[in-house]
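Shown next, in structure tokens, is the structure this report addresses.
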Amino acid sequence: MIYKPIESFSGGYKMTIVEQVKQQLKEEIKAAVIRAGLAAPEQVPDVVLEVPKDKAHGDFAANMAMQLARIAHKAPRKIAEELVAALDKKKGHIRQIAIAGPGFINFFLDNAYLTDLIPTILNAGSDYGASQAGAGKKVLVEFVSANPTGNLHLGHARGAAVGDTLHKLLNKAGYHADAEYYINDGGNQITNLAVSLEARYRQQLGEEAEIPADGYHGKDIIALAKQLVGQYGSTLKEKPDDERLRFFRNFGVEHLMREIRKDLSDFRVVFDNWYSERSLYETHKVEAALDTLKKKGETYEKDNALWLKTTEYGDDKDRVLVKTDGSYTYFTPDISYHKDKFDRGYDQLIDVFGADHHGYVPRLKAAMQSLGYDPDRLTVEIIQLVNLFKDGEKVKMSKRTGKAVTMRELMDDVGVDAARYFFAMRSSDSHLDFDLDLAVSHSNENPVYYVQYAYARITSMLKRAQDFEPAEGEETDLSTLTGEKEIDLLKKLGNFPQVVAESAANLAIQHIPSYLFDLASSLHSFYNAEKVLDETNIPLSKARIALMKAVRITLKNGMDLIGIHAPEKM
RNA sequence: GUCCAAGUAGCUCAGCUGGAUAGAGCAACGGCCUUCUAAGCCGUGGGUCCAGGGUUCGAAUCCCUGCUUGGGCACCA
């Protein structure tokens with residue numbers, strides 16, 4: 001992991017009450033350790049406070065006594081007793097302390113402070129959840145970057161969902177993140193595209209034409225060829241060879257990129273920048289990067305080719321930069337592209353790659369080192385393959401045979417919400433079995449509806465809540481929110497900024513769907529147990545309405561991060 | 001062969017960077033709609049955390065070995 005979760009936030013950002021209380025508690029524990037003489041100030045380990053799974057273990061639990069066992073040379077439970085005796089219970093809203101298990105110190109807090117969260121959330125609105133954990137670090141997230149040689153397919157969709165969410169998550173957590181798509185419009189594959197397209201074009205005109213073995217066989221190319229016939233008839237055949245090739249290249253790239261952009265934008269994926277490989281050549285950045293490597297003595301010539309000494313930085317073998325025919329490998333412009341990212345001032349680069357490219361990572365990292373950069377400034381997120389199941393059968397994806405399920409089909413079949421939720425809910429480094437039949441089903445088997453339903457439910461309640469609206473200037477008394485399910489909701493609301501921050505720091509987007517599911521679950525449980533709009537208890541109803549508004553905002557903010565809609569009604 | 005991931009309930013997966021009795025959803029079973037949306041709630045059953053060692057107060061989590069699965073191993077992109 002590159003990023004360390006940041007314990008306390010500072011600067012202009014105002015901590016939520018939960019963070020403040022936790023912070024106070026940590027400081028008090030540390031102070032007590034020193035007061036009790038259990039360890040010297042510089043010996044005290046970082047205070048770890050966790051929320052126990054079991055409510056019987058309090059609101060927070062500290063494992064400090066176990067951590068100190070070695071330093072203090074005492075039994076953990078004995079240490080815990082001495083530590084508790086030294087604690088100032090007036091600090092940190094402590095109501096009760098218990099020592100349990102091997103030496104856990106369980107804190108039971110006076111949870112009245114939690115209601116302060118509600119005005120905080122209502123005021124923050126769509127900003128709730130934001131923090132400055134990332135301290136403005138400049139990050140570039142590059143993802144999808146599919147070659148413009150066909151339509152996007154299922155694998156790209158997962159990469160798009162992950163990359164887009166990472167991008168938004170990082171920004172929410174106080175990083176300065178940009179999203180970028182690298183357009184491979186310069187290499188050999190574009191020539192293959194042109195040749196394949198021309199073959200399809202000629203076939204449309206009734207000619208015999210073979211698609212080269214390493215060409216593109218997809219039906220998207222056929223569709224493009226039909227379009228050409230409609231637009232130009234057979235006139236393209238008359239053009240001289242190189243002009244014709246250039247035409248097919250440009251036409252293919254332009255049209256396929258247009259479709260790619262449309263697919264991505266319909267999938268609610270936003271890029272700040274589209275970076276053309278060709279532009280690297282036009283601005284001579286490829287030569288410049290090559291020169292830098294040569295001057296640093298990182299290259300050598302062998303067998304009429306130019307090699308980069310990547311083995312010096314842990315790669316399996318050295319890699320060719322300039323082939324015997326004088327052309328570049330894919331690697332070469334990509335090195336200059338990554339150099340350019342650093343030159344543009346990014347502190348950290350994140351590349352989202354498909355699993356089939358993971359062998360490329362060591363060489364790319366090695367190249368960064370050759371250029372003099374710390375390889376840890378490049379993080380590669382590997383997106384594992386998606387296996388699609390339809391009618392209980394595995395659908396094998398292959399671009400070559402053109403049988404791939406496209407991103408467009410995915411959107412049409414299962415919808416953007418379900419697709420994006422499915423992709424976001426699993427950690428990206430695990431294989432994903434995508435059951436089309438399940439995702440299509442508009443039933444409770446589909447977890448996305450569970451979260452959306454919570455939002456719709458609240459919205460529906462709030463529409464009926466006009467009679468309970470407080471008068472102008474009237475303060476809602478929130479101190480009545482003391483029920484178990486209300487406290488549970490408040491605690492979860494308070495966790496949101498930290499969930500976002502940690503999820504961003506660990507590049508672990510799956511925590512967001514999991515948090516949303518959890519919050520929705522608390523909401524549903526509360527909803528079934530308590531009546532929000534109760535004419536017989538107006539003050540309590542007002543407080544609960546405020547709580548519902550806070551939950552609604554938090555749900556919405558979380559759903560925004562993973563790119564799913566928050567429906568007003570279902 | 002070698003490198004990189006992954007292996008947790010019948011199925012699909014979490015497990016917060018080492019903590020207390022390993023959790024969800026689906027599937028199975030039993031309850032809850034004259035009351036703010038039942039796409040919901042409440043409850044029951046379900047485990048050799050792949051196997052074996054090691055590290056320590058403590059391991060699903062970290063290290064080593066093996067097994068299984070997927071992927072990579074181009075002067076392709």
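Here is the naming used below: chain letters follow the sequence lines, and residue numbers restart at 1 for every chain. Only a predicted model underlies this, so the values are computations on that prediction, with no experimental measurement involved.
Here A:His57 packs flat against the base of B:A20; its ring centre is closer than 5.5 angstrom to the base's six-membered ring, tilted by less than 30 degrees. In this structure, A:Phe104 forms an aromatic stack with the base of B:A20, since both conditions hold: centre separation below 5.5 Å and plane angle below 30°.
Using a 4.0 Å heavy-atom criterion, one finds that A:Asp429 contacts the sugar-phosphate atoms exclusively. As judged by a 4.0 angstrom heavy-atom cut-off over every strand, A:Arg363 is placed among the base-contacting residues. Within the 4.0 angstrom heavy-atom criterion, no nucleotide atom of any strand lies near A:Ala75. Within 4.0 Å (heavy atoms only), A:Leu321 reaches no atom of the nucleic acid at all. Looking at heavy-atom distances under 4.0 Å, A:Phe517 makes contact with sugar-phosphate atoms alone, never a base. At the heavy-atom level, A:Asn63 lies under 4.0 Å from base atoms of the strands shown. In this structure, A:Ser503 reaches neither bases nor backbone, as no heavy-atom distance under 4.0 Å exists between it and the strands shown. The residue A:Gln384 sits close only to the backbone: its heavy atoms come under 4.0 Å of sugar-phosphate atoms, none of a base. Looking at heavy-atom distances under 4.0 Å, A:Asp303 makes contact with a base. Contact annotation for A:Ala100: base contact, defined as any heavy-atom pair under 4.0 Å involving a base atom. Counting any heavy atom pair closer than 4.0 Å across all strands shown, A:Ala465 reaches no nucleic acid atom. Residue contacts shown for A:Ser514 are absent, as no nucleic acid heavy atom lies under 4.0 Å away. Within the nucleic acid shown, A:Glu530 comes within 4.0 Å of at least one base atom, counting heavy atoms only. No engagement by A:Glu277 is indicated, since no non-hydrogen atom pair under 4.0 Å with the nucleic acid exists.
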May I have the step-by-step check of side chain to side chain donor-acceptor pair (under 3.5 Å) for A:Ser428 and A:Arg158, ending in yes or no?
CA-CA 8 Å; A:Ser428 49; A:Arg158 187 178 191 185; 6.0 Å; no

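In terms of phosphate contacts, A:His511 brings a side-chain nitrogen or oxygen within less than 4.0 Å of OP1 or OP2 of B:G15.
Shown here is A:Glu484, whose CD atom has no more than 12 heavy atoms of other residues, nucleotides or ligands within 6.0 Å.
For A:Arg464, taking side-chain heavy atoms from C-beta onward, the closest of the listed nucleotides B:A5, B:A20, B:U37 is B:U37.
Of all nucleotides present, only B:G72 satisfies the Watson-Crick or G-U wobble test against B:U2, with each distance under 3.5 Å.
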